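Quick notes on the structure that follows.
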Amino acid sequence: RLDEKGGEVVVWAIHVTDPKKSVKKKKLLETYKEGDVVTGTVKQLTNFGAFFRLENGIDTLVHTSELSYARVSHPDEMLSEGEVKKLKIIEVNLDKLQWSPSSKKLMDDPFDNIDKYSVGKIYKCKIVKLAEFGFFAELEKNLICLCHSSELSHAKKNISSKKLFSVNQELDVMIKEIDKENKRVAISVKMCQENPYDTFAKTYKIDDIVEAKIVAKNEYALFVSTKDFKDIEIFIHSNNIAWKGNPDEELSKFKVNDSIKIKILEINKDDQKIRGGIREALGPDPIKFFEDKNV
């Protein structure tokens, strides 16, 4: 694009192929086929892979996904510049003058022995990476599995794995799913533990009056927990705070860490919800006094 008034020229840089160079490269590529093993020297590491220079002078890229069966965030975790490695050619495309080498195809595929693991059984694993959506763990060398954040805890919702675990920590997990086709294993931490909502339902029943402490509040409700179930938050709507008065005004009278008495109004183990009331712990609705009275 030419902008004579602004005195600007905009150009588009494209790769112009030297015909002689293309012919030479094609002849070199024709000497290789899928399955061949070559030797290369690491020339450069990037966040998407590693560039190797082969003995015949050809430069080639090994994508991060082809470096190892283990999860690799950056090639520098397993390679360094100047290092010599064996590579296996997994694809040759003469039309595009491209080929695809792999380092992991020379390693044992951990999924070859995946049948020794079973869904529903508990295994020991080691955490190799923490993420906001969960963590990655190693069941055995190069066999990586994912524990999603929804499988970290029964009671704690939307919590980061970084607040609960650390890299290299060993722990028990239950295999939730094995996807052989896509080579994925899903695991769960909470399935190895008793659901605290089941335990709560065994300990308390509806209409029990218990001591509780306010752990959080918002514009319409209080959240409280009992001394023996600190990870479970009991929901108290502002309408269940007092029999009289404005709910919003009554809600403002309470603050976090206040100790109160509540009555258990609902226990829903399936949805993992427990509802309570402060006014119900004080006694029945005063308006009921007039139920058998005449005008």
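Start at 1 with the first residue, then count along the sequence. Note that these values count all heavy atoms, side chains included, but never hydrogens, waters or copies made by symmetry. Note that the structure is a prediction, hence the values are computed from the model and not measured.
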### Message
Test of understanding: clusters of I, L, V, M, F, W, Y form through side-chain heavy atoms closer than 4.5 Å, transitively. Do Leu79 and Val38 belong to the same one?
### Response
yes
### Query
Below 4.5 Å, heavy atoms only, C-beta onward: do Ile159 and Leu164 meet side chain to side chain?
yes
### Residues Lys162 and Glu132 bridged, charged N to O under 4.0 Å
yes
### Task
Hey, could you give me the OG/CZ distance between Ser161 and Phe136, rounded to the nearest 0.5 Å?
9.5 Å
#### Entry: Heavy-atom side-chain contact between Ile274 and Leu265 under 4.5 Å
no
### Message
If the test is side-chain contact (heavy atoms from CB on, under 4.5 Å), which one of Lys269, Lys190, Gln272 qualifies with Asn195?
### Response
Gln272
### Query
Any salt bridge between Arg279 and Glu250, counting N to O under 4.0 Å?
no
### Query
Looking at Asp108 and Lys141, does any basic side-chain N land under 4.0 Å from a carboxylate oxygen?
no
### Task
Measure the OG-CG distance between Ser100 and Leu61 for me, rounded to the nearest 0.5 Å.
8.5 Å
### Task
With rounding to the nearest 0.5 Å, note down the distance linking CZ in Phe254 to OG in Ser238.
11.5 Å
### Task
Describe, in one word, how the ring planes of Tyr204 and Phe229 are oriented to each other, choosing from parallel (under 30°), tilted (30 to 60°) and perpendicular (over 60°).
perpendicular
### Query
Are side-chain heavy atoms of Leu222 and Ile278 found at a separation under 4.5 Å?
yes
### Query
Is the backbone of Lys121 close enough, under 3.5 Å, to the side chain of Ser118 for a donor and an acceptor to pair up by distance?
no
### Task
Decide whether a cation-pi geometry holds between Lys288 and Phe290; the criteria are a distance under 6.0 Å from NZ or CZ to the six-membered ring centre and an angle within 45° of the ring axis.
no
#### Entry: Closest contact, heavy atoms only, Thr60 versus Pro101
OG1-CG, 3.2 Å
### Task
Would you sort out whether Ile260 and Ile262 count as a side chain to side chain contact (heavy atoms under 4.5 Å, CB included), showing the intermediate values?
CA-CA 7 Å; Ile260 56 176; Ile262 67 167; 3.7 Å; yes
### Query
Are any of the side-chain heavy atoms of Leu171 and Lys124 separated by less than 4.5 Å?
no
### Message
For the CD atom on Glu4, are there more than 12 heavy atoms of other groups (residues, nucleotides or ligands in this structure) within a distance under 6.0 Å?
### Response
no
### Query
Got a second to check how far Lys105's NZ is from Ile89's CD1, nearest 0.5 Å?
13.5 Å
### Query
Between the side chains of Thr39 and Lys86, is a donor N or O closer than 3.5 angstrom to an acceptor N or O?
yes
### Task
Quick one: sort the Trp99 and Tyr32 rings into parallel, tilted or perpendicular, breaks at 30° and 60°.
tilted
### Task
Indicate the atoms forming the closest heavy-atom contact of Gln169 with Phe165, along with that distance.
OE1-CA, 3.3 Å
### Query
Just wondering, do Cys147 and Leu152 contact through their side chains at under 4.5 Å, heavy atoms?
yes
### Query
Checking side-chain hydrogen bond (donor to acceptor under 3.5 Å, both in side chains) for the pair Thr199/Glu194: CA distance, chi angles, key distance, verdict?
CA-CA 8 Å; Thr199 310; Glu194 184 176 7; 3.2 Å; yes
### Query
Between Val128 and Asn168, is a side chain to side chain contact (heavy atoms under 4.5 Å, CB included) present by the stated rule, with each step listed?
CA-CA 6 Å; Val128 295; Asn168 293 324; 5.8 Å; no
#### Entry: Short N-O contact, Lys43 and Asp59, less than 4.0 angstrom
no
### Task
Test Glu177 against Arg184 for salt bridge (Lys or Arg N to Asp or Glu O under 4.0 Å), laying out the working first.
CA-CA 8 Å; Glu177 180 187 5; Arg184 294 174 182 170; over 6 Å; no
#### Entry: Smallest separation among heavy atoms of Arg1 and Glu8, with atom names
NH2-OE1, 3.7 Å
### Summary
Output for pair (Ile267 CD1, Tyr197 OH), nearest 0.5 Å, gives 11.5 Å
### Message
Tell me if a side-chain donor or acceptor on Lys33 pairs with a main-chain N or O of Glu91 at a distance below 3.5 Å.
### Response
no
### Summary
Closest non-hydrogen contact found for Cys125 with Ile187 is SG-CD1, 4.5 Å
### Task
Using the rule that two of Ile, Leu, Val, Met, Phe, Trp, Tyr join whenever any of their side-chain heavy atoms come within less than 4.5 Å, decide whether Leu139 and Val119 are in one cluster.
yes
### Query
Below 4.5 Å, heavy atoms only, C-beta onward: do Glu233 and Val224 meet side chain to side chain?
no
#### Entry: Worked verdict on Lys227 versus Glu211 for side chain to side chain contact (heavy atoms under 4.5 Å, CB included)
CA-CA 8 Å; Lys227 187 176 181 180; Glu211 293 282 349; over 6 Å; no
### Message
I'd like to know if the side chain of Trp243 and the backbone of Ile287 have a donor-acceptor N/O pair within less than 3.5 Å.
### Response
no
### Query
Does the side chain to side chain contact (heavy atoms under 4.5 Å, CB included) test come out yes or no for Val62 and Leu67, once each step is laid out?
CA-CA 7 Å; Val62 179; Leu67 289 176; 3.5 Å; yes
### Message
Between Glu280 and Lys263, does any side-chain N to carboxylate O distance fall below 4.0 Å?
### Response
no
#### Entry: More than 12 heavy atoms of other groups within 6.0 Å of Lys293 NZ
yes
### Query
Can you name the closest pair of heavy atoms from Leu54 and Gly40 and give their distance?
CD2-CA, 3.8 Å
### Task
Grab the two heavy atoms, one from Thr31 and one from Asp36, that are nearest each other, plus how far apart they are.
O-OD2, 4.2 Å
### Message
Membership question, hydrophobic clusters at under 4.5 Å side-chain separation (ILVMFWY): are Ile144 and Phe111 in the same one?
### Response
no
### Query
In terms of side-chain geometry, is the basic nitrogen of Lys176 or Glu151 positioned less than 4.0 Å from the acidic oxygen of its partner?
yes
### Any donor-acceptor pair under 3.5 Å from Ser259 side chain to Lys213 backbone
no
#### Entry: Side-chain (Asp208) to main-chain (Lys205) donor-acceptor, under 3.5 angstrom
yes
### Query
Taking a hydrophobic cluster as the set of Ile, Leu, Val, Met, Phe, Trp and Tyr residues connected by side-chain heavy atoms closer than 4.5 Å, whether directly or through intermediates, do Phe235 and Ile214 fall within one such cluster?
no
### Query
Hey, does the side chain of Asn246 reach the backbone of Asp248 with a donor-acceptor pair shorter than 3.5 angstrom?
yes
### Query
Between Glu140 and Lys126, is the closest basic N to carboxylate O distance under 4.0 Å?
no
### Task
Compare all side-chain heavy atoms of Phe223 with those of Asn218 and state whether any distance is below 4.5 angstrom.
yes
### Query
Could you state the interatomic distance from CZ (Phe48) to NE2 (His74), rounded to the nearest 0.5 Å?
9.5 Å
### Query
Any sub-3.5 Å donor-acceptor pair from Lys217's side-chain atoms to Lys255's backbone N or O?
no
### Message
According to a hydrophobic-cluster definition based on side-chain heavy atoms being under 4.5 Å apart (Ile, Leu, Val, Met, Phe, Trp, Tyr only), do Leu146 and Val167 belong together?
### Response
no
### Query
Using 4.0 Å as the upper bound for N to carboxylate O, is an ion pair formed by Lys183 and Asp109?
yes
